[in-house]
Every structure is written in C-alpha cells, then in structure tokens.
There are 2 protein chains.
Amino acid sequence: MSETHDLLFRTLADPTRRALFERLCREGEKSVGALTARAGVSQPVVSKHLGILREAGLVRDRHEGRHTYYSAQLGALVPLVDWTSEMAGFWQRRFDDLEDLLKRMDQ
Amino acid sequence: MSETHDLLFRTLADPTRRALFERLCREGEKSVGALTARAGVSQPVVSKHLGILREAGLVRDRHEGRHTYYSAQLGALVPLVDWTSEMAGFWQRRFDDLEDLLKRMDQ
DNA sequence: GGGATCAATACCCCGTTGGCTATTAATCGA
DNA sequence: TCGATTAATAGCCAACGGGGTATTGATCCC
C-alpha cells in the first residue's frame with residue numbers, strides 16, 4: 001500500500017540503475033561522466049537513471065561548473081529495512097502463536 | 001550484478017504482487033480463492049503473481065484437493081537484508097575513512 | 001568570441017509485463 | 001455420473017519502461 005515502498009522497490013528493480021547506486025555506495029561521489037564510463041549504457045541513459053534515483057531519494061546531486069556529482073543517500077533505504085523487519089515481525093508473531101498453541105495442546 | 005537480488009527486487013516491485021506477499025506474511029497460509037477475494041484483480045492474475053513469487057522463492061505452495069494453499073517463505077528475504085547491510089557497510093567504511101583522514105589532518 | 005566538453009532533454013523504438021476473458025484440468029459432492 | 005467449484009493455462013492487448021540517437025544548454029579554455 002505504501003507509496004514509499006513502491007517507489008523504492010521499483011527504482012531498485014532495474015539492474016543498471018541498482019548498479020549505479022551500488023557504485024555510489026562503494027566509491028562515493030562521482031560525476032556523470034565517470035559513472036557513464038563503466039555503466040555499459042549511454043550517457044543520456046545514465047542521466048535518466050540518476051534522475052529516477054534522485055526522485056526516489058536514493059542519491060543527491062551537486063553541481064560544480066559543467067559537472068554534476070552524484071552521491072548515495074543511504075537514509076533512503078530505511079523504509080526498505082523497516083519493511084523487511086515488519087514482514088519478519090509478522091512471521092515471528094505467527095510463529096509464536098503457533099508455539100503457544102502447541103504448548104497449550106501439550107498440556 | 002547478483003541474479004538473486006535482481007529477481008527479488010523485480011518480484012517485489014509490483015504493488016499487487018507485494019500486497020499478496022504481505023498478506024501471506026501477516027495472515028499466514030491462504031488459498032488462491034481467499035487471496036483473490038481481496039486482491040482487486042482476477043483469479044488468473046493472482047495465480048500468475050503467486051507463480052512469480054514462488055519462482056523467486058518468496059512463497060511455497062501446498063496442494064490439498066482442489067485447493068492450493070500458499071505461504072510466505074521469509075528466508076527468501078535474507079539476500080535483500082544482506083544487500084542493504086552491504087550498502088550500509090560501504091557507506092560506513094567511507095565515513096570511517098573520512099573520519100580517519102580528518103583526525104590525521106587534525107594532528 | 002568560438003570551439004570543445006559535460007550533462008540534461010526530446011523523441012522514438014521495441015520488448016516486457018500486468019491486466020483481462022476464455023478455457024482446461026482436477027477434484028468434490030449430490 | 002455429472003454438475004459445480006477451484007486453480008492453472010492460453011491467448012490477447014495496452015501501457016510502461018529502458019534502450020538508443022540527436023539536440024540543446026551551459027560552462028570551460030584557447
């Protein structure tokens with residue numbers, strides 16, 4: 001239901017885009033040109049992906065002359081971590097309920 | 001790069017499919033009919049999504065007579081948790097490096 | 001000022017995908 | 001046995017999305 005989760009999952013679903021984000025996480029701030037060099041796709045495509053990552057809050061951009069530098073915004077992953085925790089929580093609770101039931105049946 | 005991450009993110013990117021998985025996490029095992037009742041899409045579509053979730057390892061199915069019961073396989077989320085941890089790790093390491101640099105500069 | 005470089009935008013193409021209806025397969029119950 | 005129910009499959013279509021090239025805008029350097 002959450003729009004945030006939707007945007008995050010959709011944004012990270014594309015391998016090219018995710019690879020760009022991973023590189024920014026690993027190597028820190030990079031210019032579009034530097035990212036394009038090893039992205040395997042054209043510069044306009046890289047720019048487009050970076051735009052989508054930015055709209056999802058996963059990266060931020062900084063302009064310096066002709067160059068635009070992008071860097072990862074790790075905080076944007078928090079909703080994703082929360083979501084997985086929530087799913088795990090539901091699962092755990094049901095597991096506990098089952099355990100309780102079995103204990104009661106055991107008596 | 002990892003095919004597993006790709007499959008997971010892609011599978012969870014669709015809101016209808018993710019909603020099905022969330023329901024299975026929250027409410028436990030459910031039949032296709034029960035899931036279809038509140039999915040907002042037709043039964044064939046639900047079956048299709050469940051098939052995709054199964055191929056991603058996110059659910060398992062159990063046949064009982066005419067009914068097929070699906071349940072969430074939480075273990076499948078592990079690679080996703082690992083991935084986020086890895087990204088956070090990269091970020092943290094670069095942060096530490098920066099901190100070290102600043103300390104050295106401070107001396 | 002003028003050519004060169006860097007990034008974003010515009011536009012198009014085509015493969016993928018998510019939705020539908022119709023049908024089939026299998027099982028249950030009267 | 002035969003109709004009813006449950007889920008999966010087949011086939012179709014429209015929309016979305018990721019790729020490309022061409023172009024524009026902006027900035028740097030000679």
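Each chain gets a letter, A, B and so on, in the order its sequence line appears, and its residues count up from 1.
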Classify A/Val32 by what it touches in the nucleic acid, base, sugar-phosphate, or nothing, heavy-atom distance under 4.0 Å. sugar-phosphate
Of the listed C/dG18, D/dG19, D/dA8, the closest approach to the B/Lys48 side chain comes from C/dG18
(Q) Between B/Tyr69 and B/His63, is there a side-chain heavy-atom distance shorter than 4.5 Å? (A) no
Rounded to whole Å, the CD1-C1' distance (B/Ile52 to D/dA8) equals 13 Å
Among the nucleotides D/dT21, C/dA22, D/dA7, whichever has the atom closest to the side chain of A/Pro44 is D/dT21
Please confirm whether the backbone N or O of B/Thr11 pairs with a side-chain atom of B/Arg17, one donor and one acceptor, at under 3.5 Å? yes
Separation of C/dC6 atom C1' from A/Asp61 atom CG, nearest Å, is 14 Å
> So does B/Arg18 pair up with A/Asp6, basic N to acidic O under 4.0 Å?
Replying inline: yes
To the nearest angstrom, the CZ-P distance between B/Phe9 and D/dG18 comes to 15 Å
For this session: Under 4.0 Å between any heavy atoms, over every strand shown, what does A/Thr36 touch: base, sugar-phosphate, or nothing? Just pick one.
Result: nothing
B/Tyr69 OH to C/dT27 C1', in whole Å, measures 13 Å
Judged by nearest nucleotide, the residue sitting upstream toward the 5' end of DNA chain D, A/Val41 or A/Glu64, is A/Val41
A/Arg10 atom CZ is separated from D/dC16 atom C1', nearest whole Å, by 10 Å
Separation of C/dA7 atom C1' from A/His49 atom NE2, nearest Å, is 15 Å
To the nearest angstrom, the NZ-P distance between B/Lys30 and D/dT6 comes to 15 Å
>> Tell me whether the side-chain N/O atoms of B/Thr68 come closer than 4.0 Å to OP1 or OP2 in D/dA8.
In response: yes
- Message: On the nucleotide C/dG19, are OP1 or OP2 found under 4.0 Å from the side-chain N or O atoms that B/Thr16 carries?
- Response: yes
Here the distance between atom C1' of D/dT6 and atom NE2 of B/His67, to the nearest Å, is 6 Å
task: Could you tell me whether the phosphate oxygens of C/dA8, OP1 or OP2, come under 4.0 Å of any side-chain nitrogen or oxygen in A/Tyr70?
output: yes
Assign B/Ser42 to base, sugar-phosphate, or nothing according to its heavy-atom contacts below 4.0 angstrom with the strands shown. base
In this structure, CG of A/Leu50 is separated from CZ of A/Arg60 (nearest 0.5 Å) by 14.0 Å
Rounding to 0.5 Å, atoms NE2 (A/His49) and OG1 (A/Thr16) come to a distance of 5.0 Å
Assert: residue with more 5' nearest nucleotide on DNA chain C, out of B/Gly40 and B/Arg66, is B/Gly40
